[in-house]
Protein chains: 2
Amino acid sequence: MVQVDTQDHVQRIFSDYLERNGHRKTPERFAILGEIYAQDGHFDIERLYVRMKSKNYRVSRATLYNTMELLLDCELVRRHRFASDKAHFEKAHANRQHDHLICEQCGRVQEFCDPRIQQIRKTVSEVLHFQVQYHALHIHGLCSDCQNQRPAHERDRQTHL
Amino acid sequence: MVQVDTQDHVQRIFSDYLERNGHRKTPERFAILGEIYAQDGHFDIERLYVRMKSKNYRVSRATLYNTMELLLDCELVRRHRFASDKAHFEKAHANRQHDHLICEQCGRVQEFCDPRIQQIRKTVSEVLHFQVQYHALHIHGLCSDCQNQRPAHERDRQTHL
DNA sequence: TTTGGTGCAAACTGTTTGCATCTTA
DNA sequence: TAAGATGCAAACAGTTTGCACCAAA
């Protein structure tokens, strides 16, 4: 099963990372990673907290925030700040670099890739002598559903949020 | 004087906008706009609040937040969310669309333009049927100063922040 | 057994809201 | 003079921190 393989794989990556950096391997940390990789799409801390609570995990928000820092550091998750005040996260492993279309009407987030962004990064680093680490391209507008004016209640709202 | 011309011009745009939309022309609103256009670079609400207080304007944070909504709506300012939790703003009038390089070390924000971003917007709208309103491309990394490891205290910190 | 990690609650920060007062139209 | 806008302070939401307890190494 692909699902199990991915879980095994990321758990091992995380385990190695913790060991290499002298962090302890706590059950909470692995449970959080497991929960993140068991779901699809974007999430925020509160969502993750509620989901884990409802599954009777004993976790605190503080630990979630702490663990996200570790997962960001070993690149198993990515953090985004779209427009709202809160941070959004997504799985990073086996999930190629991509950018985001954000619908201003329904809040849906859609992923896309365009190779030209790579060329822009290259130019910036060569011409402006800026050492690129990562980028975020957010294109805001109306998704096809919202252009058609379909009333909000007929649609799945915020599939990725 | 260019400075005065710009001020006159944006004040007129704002005045027309307020009138057109049935909003009142209060001295606070024009003072805020004036203060924004009298300074360069990016700013956040707190910075603007402190600056206006120090000039003995009697403004509240609430009015600043309210007025920013109006200025965003008539496109005299743009709002950005880089990585930190707070919003940053910049003048939008007579300031061509551009993107941002954000230094992870010193927090400095540098502007740049690349025509290929326009092509990406076009492709997204044609191929994915997404009606683009605006975009934000943030490239994070190290600015040339920080690559050279110059200690932070030798540099101007956060010139644009 | 030591020290880093945890849960909880309190603190903090940026933003929004409620309300009495003021002021533009 | 009535609807909107204001300043202030309290409320709010997301995140961080302090601390006593717990458990990996």
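Letters go in sequence order (proteins before strands), and every chain restarts at 1.
Between B:Tyr49 atom OH and C:dT15 atom P there is a gap of 14 Å when expressed in whole angstrom units. B:Lys25 places its NZ atom 13 Å from the P atom of D:dA5, with the value rounded to the nearest Å. A straight line from CZ of A:Arg58 to P of D:dC22 spans 9 Å, rounded to a whole angstrom. Residue A:Arg47 contributes atom CZ, which lies 16 Å from atom P of D:dA13 at whole-angstrom precision. In this structure, B:Met68 atom CE and C:dT16 atom C1' are separated by 16 Å, rounded to whole Å. Atom C1' of nucleotide C:dG5 and atom CZ of A:Phe14 are separated by 12 Å, given to the nearest angstrom. The nearest whole Å value for the distance from the CZ atom in A:Arg81 to the P atom in D:dT15 is 6 Å. Computed from coordinates, the A:Glu69 CD to C:dG4 P distance equals 18 Å when rounded to whole Å.
Heavy-atom distances to DNA chain C give each of B:Ile45 and B:Pro27 a nearest nucleotide, and the one nearer the 5′ end belongs to B:Ile45. Nearest-nucleotide assignment on DNA chain C puts the 5′-proximal partner with A:Ser60, out of B:Tyr65 and A:Ser60. Across the interface with DNA chain D, nearest-nucleotide mapping of A:Lys86 and B:Thr67 shows B:Thr67 to be the residue nearer the 5′ end.
Taking the ring centroids of B:His80 and B:His100, they lie under the 6.0 Å cut-off. B:His138 has its ring centre less than 6.0 Å from the ring centre of B:Phe82. The six-membered or imidazole ring of A:His135 lies away from that of B:His140, with a centre-to-centre distance of 6.0 Å or more.
Closest to the side chain of A:Lys53, from the set C:dC8, D:dT6, C:dG7, is C:dC8. Which of D:dG7, C:dG14, C:dC8 sits closest to the side chain of B:Asp85 comes down to C:dG14. Comparing atom distances between the A:Arg61 side chain and each of D:dT15, C:dT15, C:dT24 picks out D:dT15 as nearest. When the nucleotides C:dT6, D:dT15, C:dT15 are ranked by their closest atom to the side chain of A:Asn66, C:dT6 comes out on top. Listed nucleotides: C:dG7, C:dT15, D:dC8. Nearest to the side chain of B:Ala87: C:dT15.
The backbone N or O of A:Glu46 sits less than 3.5 Å from a side-chain atom of A:Asp44, completing a donor-acceptor pair. Proximity of a side-chain donor or acceptor of A:Thr63 to a complementary backbone N or O of A:Val59 within less than 3.5 Å is not detected.
Put simply, A:Thr26 has a side-chain N or O that comes within less than 4.0 Å of OP1 or OP2 on C:dT6.
Salt-bridge formation is detected for the pair B:Glu35/B:Lys55: a Lys NZ or Arg NE/NH1/NH2 atom is positioned less than 4.0 Å from an Asp or Glu carboxylate oxygen.
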Could you list all N or O pairs between the protein and nucleotides 1-4 of chain D that sit under 3.5 Å apart?
residue : atom : partner : partner atom : Å
D:dA3   : N3   : B:Arg24 : NH1          : 3.4
D:dA3   : N3   : B:Arg24 : NH2          : 2.4
D:dG4   : O4'  : B:Arg24 : NE           : 3.3
D:dG4   : O4'  : B:Arg24 : NH1          : 3.4
D:dG4   : O4'  : B:Arg24 : NH2          : 3.0
D:dG4   : N3   : B:Arg24 : NH1          : 2.9

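By the 6.0 Å and 45° rule, B:Arg79 does not stack over the aromatic ring of B:Phe89.
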